[in-house]
A.B. asks: 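Sharing a structure with you now.
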Amino acid sequence: QLQLAESGGGLVQPGGSLRLSCAASGSTLHYYAIGWFRQAPGKEREGVACISRTGRMTDYKRSVKGRFTISRDSAKSTVYLQMNDMQLEDAAVYYCAADPSTPQTMCTFFYDYLYNNWGQGTQVDVSA
């Protein structure tokens, strides 16, 4: 049974950086596309980034493109989200999730029902 655990959240100033990690246990990440999602207080959960099973395809929410980078390390069964030039609106609880059904060369974060396994989340705060 796949289990996901996020880490790396914290408090950062605007313009700062954080790297989130999503570590898998119980199964290999090889069989899953991975997405990062976030939910701010009073707002709907939204997709931020995703990476295909092969790692060759990535996609980003428009507002984070060029600032966030998703990557995966198969040997460590870990997916990362590097967040640079962070803005106040990036503050949220960040979740990683696994999608077992999307073809291995693709990923999408527009249909979160594809993701059937979620981590507990890690809090990210952005404040001066």
Side-chain angles (χ1 to χ4, degrees):
Q1 180 83 13
L2 177 69
Q3 292 185 312
L4 301 175
E6 304 92 338
S7 61
L11 174 64
V12 64
Q13 293 184 335
S17 298
L18 281 177
R19 187 177 79 159
L20 304 183
S21 298
C22 172
S25 61
S27 180
T28 175
L29 282 179
H30 176 75
Y31 301 111
Y32 303 90
I34 300 296
W36 281 98
F37 297 80
R38 68 187 182 188
Q39 188 167 23
K43 293 190 175 181
E44 298 272 325
R45 185 174 63 196
E46 62 180 3
V48 176
C50 66
I51 187 166
S52 66
R53 294 188 222 176
T54 63
R56 292 178 184 172
M57 181 194 170
T58 58
D59 198 11
Y60 299 90
K61 176 180 170 63
R62 185 173 297 180
S63 64
V64 308
K65 195 170 290 188
R67 300 188 296 119
F68 290 11
T69 302
I70 189 170
S71 62
R72 62 193 300 158
D73 184 334
S74 297
K76 296 182 178 180
S77 288
T78 301
V79 172
Y80 302 99
L81 185 68
Q82 177 67 43
M83 305 187 293
N84 297 330
D85 189 24
M86 294 184 69
Q87 307 299 312
L88 294 174
E89 55 266 29
D90 295 323
V93 178
Y94 282 71
Y95 302 89
C96 65
D99 165 17
S101 58
T102 299
Q104 65 177 354
T105 59
M106 300 173 62
C107 73
T108 179
F109 51 77
F110 290 107
Y111 307 109
D112 59 2
Y113 62 82
L114 294 174
Y115 292 82
N116 64 358
N117 198 307
W118 294 75
Q120 294 298 308
T122 186
Q123 180 72 47
V124 171
D125 294 309
V126 184
S127 175

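Quick caveat: nothing in here was measured; it's all calculated off a predicted structure. In this chain, numbering begins with 1 at the start of the sequence shown.
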A.B. asks: Can you name the closest pair of heavy atoms from T78 and S21 and give their distance?
C.D. replies: CG2-CB, 4.1 Å
A.B. asks: Apply side-chain contact (heavy atoms from CB on, under 4.5 Å) to the pair C50 and Y115, showing each step before the final yes or no.
C.D. replies: CA-CA 11 Å; C50 66; Y115 292 82; 3.8 Å; yes
A.B. asks: Evaluate the side-chain proximity of D125 to V12: yes if any heavy-atom separation is below 4.5 Å, no if none is.
C.D. replies: no
A.B. asks: Distance-only, no hydrogens or angles: does the R53 side chain make a donor-acceptor pair with backbone N or O of A33 under 3.5 Å?
C.D. replies: no
A.B. asks: Would Y80 end up clustered with F68 when hydrophobic side chains under 4.5 Å apart are linked, directly or stepwise?
C.D. replies: no
A.B. asks: Can you tell me how far OG of S74 sits from NE2 of H30, rounded to the nearest 0.5 angstrom?
C.D. replies: 7.5 Å
A.B. asks: Less than 4.5 Å apart, any side-chain heavy atom of Y32 and any of N117?
C.D. replies: no
A.B. asks: Among V93, D90, T122, which residue meets the side-chain contact (heavy atoms from CB on, under 4.5 Å) test with R38?
C.D. replies: D90
A.B. asks: Just do the side-chain contact (heavy atoms from CB on, under 4.5 Å) check on Y60 and R67 with the steps written out, would you?
C.D. replies: CA-CA 10 Å; Y60 299 90; R67 300 188 296 119; over 6 Å; no
A.B. asks: Are the side chains of D112 and R45 in touch, meaning some heavy atoms are under 4.5 Å apart?
C.D. replies: yes
A.B. asks: side-chain contact (heavy atoms from CB on, under 4.5 Å), that's the test. Do L2 and Y31 meet it? Break it down for me.
C.D. replies: CA-CA 10 Å; L2 177 69; Y31 301 111; over 6 Å; no
A.B. asks: Side-chain atoms of residues 101-110: list all donor-acceptor pairs with protein atoms under 3.5 Å, sequence neighbours left out, distances to 0.1 Å.
C.D. replies:
unit_1, atom_1, unit_2, atom_2, d
S101, OG, D99, OD1, 3.1
T102, OG1, D99, OD2, 2.3
T108, OG1, F110, N, 3.2

A.B. asks: Can you tell me how the ring of W118 sits relative to the ring of F37, calling it parallel under 30°, perpendicular over 60° and tilted otherwise?
C.D. replies: tilted
A.B. asks: For the CG atom of L29 and the OG atom of S77, what is their distance to the nearest 0.5 Å?
C.D. replies: 5.0 Å
A.B. asks: For R19, which residues count as a salt bridge (Lys or Arg N to Asp or Glu O under 4.0 Å) partner, sequence neighbours excluded?
C.D. replies: none
A.B. asks: So do E6 and L20 actually touch side chain to side chain, heavy atoms under 4.5 Å?
C.D. replies: no
A.B. asks: Cut-off 3.5 Å, side chains only: do N84 and S17 have a donor facing an acceptor?
C.D. replies: yes
A.B. asks: Using the rule that two of Ile, Leu, Val, Met, Phe, Trp, Tyr join whenever any of their side-chain heavy atoms come within less than 4.5 Å, decide whether Y95 and I51 are in one cluster.
C.D. replies: no
A.B. asks: Kindly determine whether I70 and V79 satisfy side-chain contact (heavy atoms from CB on, under 4.5 Å), including the steps that lead there.
C.D. replies: CA-CA 7 Å; I70 189 170; V79 172; 3.8 Å; yes
A.B. asks: Quick one: does T54's side chain have a donor or acceptor within less than 3.5 Å of a partner on S52's backbone?
C.D. replies: no
A.B. asks: Could you see if M86 belongs to whatever hydrophobic cluster contains W36? Use Ile, Leu, Val, Met, Phe, Trp, Tyr and a side-chain cutoff under 4.5 Å.
C.D. replies: yes
A.B. asks: Could you pull out the closest heavy-atom pair between A92 and A40, with the gap in Å?
C.D. replies: CB-N, 3.8 Å
A.B. asks: Does atom CD (Q87) have a neighbourhood of more than 12 heavy atoms from anything else shown, all under 6.0 Å?
C.D. replies: yes
A.B. asks: With heavy-atom distances below 4.5 Å as the criterion, would you say the side chains of N116 and P100 are in contact?
C.D. replies: yes
A.B. asks: Hydrophobic clusters here meaning ILVMFWY residues chained together by side-chain heavy-atom distances under 4.5 Å, can you tell me if V126 and L18 are in one?
C.D. replies: yes
